[in-house]
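Letters go in sequence order (proteins before strands), and every chain restarts at 1. All figures in this text were calculated on a predicted structure; none of them were measured in a lab.
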Amino acid sequence: MLEVGTLTSHYGRIQALKGLDLTVREGELVALVGANGAGKTTLLRTLSGVQPASGGSIVFDGADITHERADRRVKRGIVQVPEGRQVFGPLSVEDNLRLGGYTRPRDEGDAELERVYSMFPALKERRRQAAGTLSGGQQQMLAMGRALMARPRLLLLDEPSMGLAPRLVEEIYAKVRALKQARTTIFLVDQNARAALSVADRGYVLETGRIVLAGAGRELLGNEQVKAAYLGL
Amino acid sequence: MNAPQLEVTALSKAFGGIHAVDQLSFEIEAGKVHSIIGPNGAGKTTLLNLLTGVYAPSSGSVRLEGSDVTGLEPHELAARGMARTFQNLQIFFNMSALENVMVGRHLRERSGWFTAMLRFPRLTAGERESREEAAELMRFVGVGEYIDADADAMPYGALKRLEIARALGSKPKMLLLDEPAAGLNPTETHDIDTLITRLARSGVTVVLVEHNMRLVMGVSDHIVVLDYGRKLCEGSADHVRSDPRVIEAYLGSEGLAAC
Amino acid sequence: MLAQLLQFLLAGLTVGAIYALVALGFAIIHNASHVINFAQGEFVMIGGMATVSLANSGLPLPLAIPIAVLAAAAVGVVLEKFAVEPARGASVVTLIIITIGASILLRGLATLVWDKKLHALPPFSGDQPIELAGATILPQSLWVLGVTLGIVLLLGWFFGRTLTGKAMLATAHNPLAAQLCGVNVRFVLMLSFGLSAALGAIAGILIAPITLTSWDVGVMLGLKGFAAAILGGLGSGTGAVVGGILLGIAESLGAGYISSAYKDAMAFVIILAVLFFMPSGLFGSKSAERV
Amino acid sequence: MNWRTPRTGGLALLAAVIALLPLALVNNYWYEVAILIGINAIVCVGLNLLIGYAGQISLGHAGFFGLGAYGSAILSVRYGWPPAAALAATTAGVALLALVVGRPILKLKGHYLAMATLGMGIIISIVIVTEDRLTGGPDGMSVPAFTLPGLTLAGERVWYWITGAALLAAVWIALNLIDSPAGRALRALHGSEVGAQVSGIDATRAKVGVFVISAVFASFAGSMTAHYSGFITPGKVSFFHSIELVTMVVFGGMASTFGAVIGAAMLTLLPQLLTILKEYEMVVFGGVMIATMIFFPRGLLPSLMLALGRKRK
């Protein structure tokens, strides 16, 4: 479904991606793990088109989208939940969600909204509240709900557990598993390597802009190199 | 044991109701390497910003060498011997590499505005000394080859060390490094490791915020682990490494792995 | 005494409403692009001058006005497309110089298309002053206040109720996240230039029957609008309206009770006084710098 | 001595241009243009220290220029001071004023700073237009020639050399400042304010310092204009003149002292040349401004140097 070939990208003057290859197949949950500054967020931004690729290619459903505008990619179904939530703080929860469905036909909006509310009941209770007043966990739910409003064919999740308490991390990952069961294709980036790799079908390890390891999720979880990279064990 | 060089008491910082740093207390001992670790979003960079005066704390206090320095401006703290680097490099890209380091000597320059504008001989002598010392510092941190380069022509890894050279320009008593190894390859990381050890040996107190555990565990005399802006635990590398709370905070809960 | 005060207040309210419209234009463009558009005053001029010339060519006002507003909006979009967009990523000062260049260019074009004379636009509904508790008010002032109120309500509806309006707010707050929602931020940029040009033009048309209009009428109005936008706190719609009204009233009271020669200075004295104590204006958000 | 550094080679080149230019100045009109360029260049060299090097915008420097001009004029005409004393007192007064208003103004950032400086300039301009008993109001006032004991300085040729010398001095001082600890502090503030602060630089103090220097440059140039032309009007104090000055700096190239000189020269000459276009003058002028900023966002001189540097490689 998604094929990335020798992708490079520069963040300011820094080459953040140094020729990166990976694939995501339909219905799969693929996790990408790596340390701070390895280029995880840059990769997701390049996939979404908010950060230009300087070389290589991104092919989605057979179409080359390497240089396509970000909003067109959303219409194709590539939807990202950005790092740090990035909800529209002054707008209400419901407005945030409706903006998520910006690219969808207007008449679908209400039905879609109900679907998201049934998945995240906490959001429905706070539908009139300004998104900026939500707790971190609720904002993460909102960011995910907002992305789901666009009916993603490929959901990109960037650091969904960042700064969240363990109980909330579990809650978020429960939603991720639910999405996976509903056959949503997901590409997940998380520093919480154990959480990410344990739900993933396959995983990649990113180090300074390059993929250094690939394999099944469980397999990577047991890998000594991965363990060493995360706790100096 | 000596009196601590830096004493942090019940320090808090809130952004729009969310506590990035929450009732944090710890001490820093002179001449040692201290590390502050914790998962993303744990409040490490905010803490560094509080310690160096970039942010004013919401409450709590910081004492440096016995005197209260809470709420002082960054340049006032710099004058008291504090220097730092940044996770998102704060290099002066409009200047040459050497000039960047010369700025680091700002507090030790002796000529003022008038001397400068009329270019009295005193200035020329000071400038020569300043240039030589800056070049020496660049060689010390291992970027000697860029002495004649413009800062915006240097690779990322070299810039990280250039910032350290700039910080050393003030001859600080305490150096705070914010993720010096982020974005570096293993060889470069190893160089940073050596550099930190050399600095500590020369008597500078090092406060390190870092994600690379191998680096942290290798160089630190003392580690403070943060989670959600609070202190999770502190102690030696071995002590911290074996604390189950730390493992959970880092690798995620065991419960998740089982499902 | 009281009647005089009321008279000053009414005059201030009228001109303040005009400042508010111009300030809203500054705020909308700043939100979308972080550009301060120093050509904002020229939209006011284009609105007034275009209406005058269309009316003189025999077109009835109800027809001339919308055409003039649309023309100004088109100029706004062209400005964005050909002067602001190509300079994306340039420094703030460079962008300021570009919009100042655009302002000079537009004024030059105005002298070519029209002339350098003063022009009057007939009041929309007569010039018989209306008595009000000892003070008088021109019917045109009522038009100014009524239309401004209408526009403020309309903008409130647009930004509060429509998805396009919310997409503009969202883009202003977080362009990255807006893009990830599928909002075409370039379109939003053009829309905001068009919209604020239209607002400026409407201000110019409303005020033309009271103060006359000419090719260089936009400079002072533009500066006062900028002052109002800053006074309210850049980017805040409420701030722009409140800032505009406050400046208008302060100016009118200052001219009436202190010195009419220093009427134009009032706005700037107030803005300096406010900024010294509230560096982000009255309603501006204090954003903590993240390092 | 290294002739390729700006302080030696650049100054020598500028001195040569000033020395040889009279060969091309066929009549008094062109002398006047040359003097005007020199005076604008002095203001721009100072303003560039503030905008180009320290990264702080000012849309009100015509105000300082006007205070210099009117201060000298009023003290020598209304109070009968000797011009040299009037000049000294005015310069000191403007420096003091800049010091006092600079502190609160320079705490502001970005567009708020632009607004505050703009407001300051406009207030000065309105005061000058309104206080007509002192200033002659919109009609302006005449100013006596500059005299030193036993010496009267008058005429285009004399003022050409005075302006040339003053410009050389201004450029020399600016170059000196840039290449010194204080100048590095200013450039550091532009590069990264927080980076500069943690290096021990007191941001407010440095900004106010350069604000005062740039105000003094403008005030001095204003005083020169008053005595040279013998007559001043409020036009040179207006908002438009402030904008003109900033445009010169940005046009020539921010953070380039010689760029500021070139910008002043180009934008002083351009309107003289454009007068042949008559009614199209404004349109072309505005168009040139937009196009230059789009194609050379860093200004003429730095873009030119960059292109030359690339070629050499």
I'd like to check the salt bridge (charged side-chain N to carboxylate O under 4.0 Å, His left out) partners of A:E3; sequence neighbours left out, ordered by chain and number. none
Is it true that, when you exclude A:R72 itself, more than 12 heavy atoms of the residues, nucleotides or ligands shown sit nearer than 6.0 Å to its CZ? no
For chain A, find which of C:A170, C:G160, C:A172 contributes the most heavy-atom pairs closer than 4.5 angstrom. C:A170
Residue set satisfying salt bridge (charged side-chain N to carboxylate O under 4.0 Å, His left out) with A:R76, at least two apart, ordered chain then number -> A:E68
Between NZ of C:K166 and CG of A:L99, what distance do you get to the nearest 0.5 Å? 7.5 Å
Could you tell me if the side chain of A:Y102 sits less than 4.5 Å from the side chain of C:L163, heavy atoms only? yes
With a 4.5 Å heavy-atom cut-off (strictly below), which parts of residues 176-204 of chain C touch chain A? List them by number. C:L176, C:A177, C:A178, C:Q179, C:L180, C:C181, C:G182, C:V183, C:N184
Under 4.5 Å from any heavy atom of chain C, what part of A:L91 do you find: side chain, backbone, both or neither? side chain
Under 4.5 Å to a heavy atom of chain C? For A:R45 that would be side chain
So, the part of A:V87 with a heavy atom under 4.5 Å from chain C: the answer is backbone
Considering only heavy atoms, which portion of A:R106 lies under 4.5 Å from any heavy atom of chain C: side chain, backbone, both, or neither? side chain
Which region of A:R69, side chain (C-beta onward) or backbone (N, CA, C, O), has a non-hydrogen atom less than 4.5 Å from a non-hydrogen atom of chain C, or is it both or neither? side chain
Any side chain to side chain donor-acceptor pair (under 3.5 Å) pairs touching residues 12-28 of chain C, not counting sequence neighbours? C:T14-C:S141, C:Y19-C:K224, C:Y19-C:E251
